[in-house]
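Whatever order the structure lists them in is the order used to number ligands and atoms, beginning at 1. What you see below is based on every heavy atom in this structure, not just the backbone, and it leaves out hydrogens, waters and symmetry mates. Throughout, residue positions are numbered sequentially from 1 according to the sequence presented.
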Amino acid sequence: MRIRVCVVGRPRLEYARLGLEEYASRLRRSRKFELIHVREGTQAQEGQRLLEASEGFVRVVLDERGQLVDTLTLYKKLSDWEMAGEKVAFLIGGAEGHTEQTRSQAHWLLSLSRLTLQHELALVVLLEQLYRVETLRRGEPYHR
Ligand SMILES: C[S@@+](CC[C@H](N)C(=O)[O-])C[C@H]1O[C@@H](n2cnc3c(N)ncnc32)[C@H](O)[C@@H]1O
């Protein structure tokens, strides 16, 4: 299945760049995985760019107000979409977060925690979870 992660701007924090490279390279080994950086701008412009970058994909909008799930539920959701032949895009907002317009276009609003995370940190957490799901799919003993 094709997985696309769309994020506002490029990571500036060193630790985020390292985490991102680590999990993105692990994911690319076995998945059609793409990371799209959209240009920063006003909140509305960023929202529009995220929507354009995820056109034709099932949209999972990352937002602290979203549904809190465990890793196995995320795995099940992705497996169901894979069986249905869908491609899935995860959208991470910029410093101001998502607009109501972006949230209204979500197939699923997903929360990683009730805490507000800096968006580069949210990106690293998301990629680690996608990698974790990938190891479950391959039957590897990473998730415990
Ligand atoms: C700094 S946060 C934006 C905070 C903003 N005040 C808001 O209300 O959304 C930037 C982005 O990181 C992601 N993010 C931060 N915390 C998150 C969380 N707990 N769960 C899911 N995504 C989160 C979201 O995509 C969010 O749009």
Chemist: Is it true that Leu13 and Leu20 fall in one hydrophobic cluster, defined by side-chain heavy atoms closer than 4.5 Å?
Modeler: yes

Chemist: Any salt bridge (charged side-chain N to carboxylate O under 4.0 Å, His left out) involving residues 47-56? Give me the pairs, sequence neighbours left out, ordered by first then second residue.
Modeler: Glu55-Arg59

Chemist: Between Leu78 and Met1, what is the shortest heavy-atom contact and its length?
Modeler: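 Smallest interatomic distance, heavy atoms only, reads O-CE, 3.7 Å.
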
Chemist: Considering the options Val60, Leu123, Leu127, which one meets the side chain to side chain contact (heavy atoms under 4.5 Å, CB included) requirement together with Phe90?
Modeler: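 With Phe90 as partner, Val60, Leu123, Leu127 yield a single side chain to side chain contact (heavy atoms under 4.5 Å, CB included), made by Val60.
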
Chemist: Taking side chain to side chain contact (heavy atoms under 4.5 Å, CB included) as the test, write out the residues that go with Glu96, two or more places apart.
Modeler: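 Glu96 satisfies side chain to side chain contact (heavy atoms under 4.5 Å, CB included) with Gln43 only.
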
Chemist: Under a 4.0 Å heavy-atom cut-off, what residues line ligand 1?
Modeler: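 Lining ligand 1 at under 4.0 Å, by heavy atoms, one finds Leu62, Asp63, Glu64, Arg65, Ile92, Gly93, Gly94, Ala95, Glu96, Gly97, His98, Leu110, Ser111, Leu112, Ser113, Leu115, Thr116, Leu117, His119, Ala122.
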
Chemist: Under the salt bridge (charged side-chain N to carboxylate O under 4.0 Å, His left out) rule, what pairs show up with a residue in residues 81-92, not counting sequence neighbours?
Modeler: Arg31-Glu82, Glu82-Arg137

